[in-house]
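Take a look at the structure set out below.
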Number of protein chains: 2
Amino acid sequence: MPTPDRTSLPAIVEAGCDLLELGGPSRVTMQAVAERVGVRAPSLYKRVRDRDALLQLVADATVDALRARVAASDGSLPGLARAYRAFAHARPEGFRLMYAIGTSTEALERASVPVLRAARELVGADRALDEARLVTAWVTGFVSMELAGAFRLGGDVDAAFDYGLARLSAGIAPHDVDGQPPASSRPGHTLPAHGS
Amino acid sequence: MPTPDRTSLPAIVEAGCDLLELGGPSRVTMQAVAERVGVRAPSLYKRVRDRDALLQLVADATVDALRARVAASDGSLPGLARAYRAFAHARPEGFRLMYAIGTSTEALERASVPVLRAARELVGADRALDEARLVTAWVTGFVSMELAGAFRLGGDVDAAFDYGLARLSAGIAPHDVDGQPPASSRPGHTLPAHGS
DNA sequence: ACCTGAACACCGTTCAAGT
DNA sequence: ACCTGAACACCGTTCAAGT
């Protein structure tokens with residue numbers, strides 16, 4: 001005889017996200033998550049394979065929240081980059097987790113669409129993928145280092161961010177980079193409809 | 001009556017590094033480390049406060065190994081960046097750990113000296129710090145994304161790396177970036193002898 | 001002074017028994 | 001069908017007792 005469910009997968013993932021920001025990965029224990037959703041630890045295994053799978057779901061949910069935040073920006077390169085950085089500041093543990101364990105392909109694809117569009121605007125379709133990777137790599141590294149405390153001594157970190165943004169926002173026409181054609185315009189290469 | 005030591009702190013840290021690369025942080029347990037250096041787990045607490053402190057030492061040792069590898073490059077910006085990336089490929093778990101838990105200030109300072117020098121060469125002393133941060137952020141983010149599997153679909157990742165390198169190697173003269181003076185040349189700011 | 005076995009608390013996970 | 005207490009294996013950490 002079925003009894004009404006006392007919890008749900010979304011509730012479990014949300015509890016995982018909350019605990020993660022509260023005290024890092026070590027705080028998201030099966031027991032703590034279970035208590036937060038009003039159930040005992042063994043019950044979680046009805047909805048989630050194990051703790052690693054739960055962390056994976058938390059990482060995927062974080063990527064999707066990042067996608068939503070970035071998509072809500074004005075779509076310009078500085079707007080995208082600032083939204084990305086603001087998200088990382090708001091949810092540092094989630095951000096770290098994304099790159100600590102990776103995320104699903106689909107989530108990443110969707111998240112990088114706006115960056116690809118901005119990159120195409122800036123340098124053209126041929127170089128859009130390479131350019132998108134340049135920009136996302138820079139923002140990712142910048143906030144990773146920020147969060148890790150790698151910008152500890154001196155200098156104005158916000159100003160350093162603006163500097164990088166200005167450097168990368170300066171678009172380039174073909175063969176401004178060097179004597180060779182850009183990677184993405186090599187024979188046989190077309191821009192796939194996917195992520196950075 | 002003192003008895004000869006059966007292990008040492010360096011041996012413990014090395015065992016931690018080895019186990020880390022072998023199976024990620026979850027594999028560096030006190031028991032596994034102890035077994036590797038030939039003692040029982042409780043003995044480790046004579047040299048290390050707890051497991052977190054051990055992981056911190058492993059992270060610091062990794063930064064120093066990175067510093068040595070980068071310092072052995074030709075000192076050019078592409079040479080530095082390629083050495084950095086090669087290190088991350090060789091010791092992915094150690095690289096991840098560096099940014100997962102941060103590292104000591106001194107280790108970071110020493111590691112970033114060559115990058116600062118190359119940056120000064122490229123854009124001048126005023127902008128050296130900002131430029132060094134731009135470059136290190138980019139490489140860091142690039143390999144982080146690589147290791148996290150964020151470059152999953154299509155495109156040539158090596159070519160994307162060369163593209164970013166070419167973009168960033170193109171130095172800029174003053175006021176090429178935008179209408180404002182660079183962040184590092186604002187009043188009261190001088191280039192500190194420290195890290196990126 | 002360093003090392004160890006024994007012990008304790010805590011966590012992930014399984015499973016038979018409940019409803 | 002979902003939930004639970006009990007149980008097991010494993011890990012971090014402490015400590016009294018050895019040498």
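In what follows, every chain begins at residue 1, and chains take the letters A, B, ... in the order their sequences are listed. Any value given below was found using the heavy atoms of this structure, including those in side chains, with hydrogens, waters and symmetry copies removed.
For the pair L54(A) CG and dC11(C) C1', the interatomic distance rounds to 14 Å; values are reported in whole Å. Here the C1' atom of nucleotide dC3(D) and the CE atom of M30(A) are 15 Å apart, to the nearest Å. As rounded to whole Å, 15 Å separates atom P of dA9(C) from atom CD of Q31(A). Rounding to whole angstrom units, CG of residue D50(B) and P of dC11(D) are separated by 17 Å. Atom CG in L44(A) sits about 20 Å away from atom P in dA1(D), given to the nearest Å. When rounded to the nearest whole Å, the span between CG of L55(B) and C1' of dT13(D) equals 15 Å. In this structure, the CZ atom of R40(A) is 10 Å from the P atom of dA6(D), given to the nearest Å. We find that NZ of K46(A) is positioned 12 Å from P of dA16(C), with the value rounded to whole Å.
T29(A) comes within 4.0 angstrom of sugar-phosphate atoms only, judged by non-hydrogen atoms across all strands, and of no base. Counting non-hydrogen atoms under 4.0 angstrom, T7(B) reaches the backbone sugars and phosphates but no base.
Residues L147(A) and V28(A) do not share a hydrophobic cluster, defined by chaining ILVMFWY side chains whose heavy atoms lie under 4.5 Å apart. Linking Ile, Leu, Val, Met, Phe, Trp and Tyr residues whenever their side-chain heavy atoms come within less than 4.5 Å places V39(A) and L9(A) in a single cluster.
The side chain of P42(B) lies closest to dT14(D) when the candidates are dT13(C), dT4(D), dT14(D). Each of dT13(C), dC3(C), dT4(D) was ranked by its minimum atom distance to the side chain of S43(A); first place goes to dT4(D). Here the nucleotide nearest the side chain of Y45(B), chosen from dT14(D), dC3(C), dT13(C), is dT14(D). With distances taken from any side-chain atom of R51(A) to the nucleotides dC11(D), dT4(D), dG12(C), the minimum falls on dG12(C). Of all nucleotides listed (dC3(D), dC11(C), dT13(D)), dC3(D) comes nearest to the side chain of R47(A).
Remark: aromatic rings of F142(A) and F161(A) are close, center separation under 6.0 Å.
Between E131(A) and L168(A), the closest heavy-atom pair is OE2-O, 3.8 Å.
Using a 4.5 Å heavy-atom threshold, the side chains of L66(B) and M98(B) count as touching.
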Could you write out DNA chain D as dot-bracket? Rules: Watson-Crick or G-U wobble, both distances under 3.5 Å, brackets [ ] for crossings, | for pairs with another strand, dot for unpaired. ||.|||||...|||||.||
Let me see the working for D64(A) and R67(A) under salt bridge (charged side-chain N to carboxylate O under 4.0 Å, His left out), right down to the final yes or no. CA-CA 5 Å; D64(A) 200 62; R67(A) 178 202 57 74; 3.0 Å; yes
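Atom CD of E21(A) has more than 12 neighbouring heavy atoms from other residues, nucleotides or ligands inside a 6.0 Å radius.
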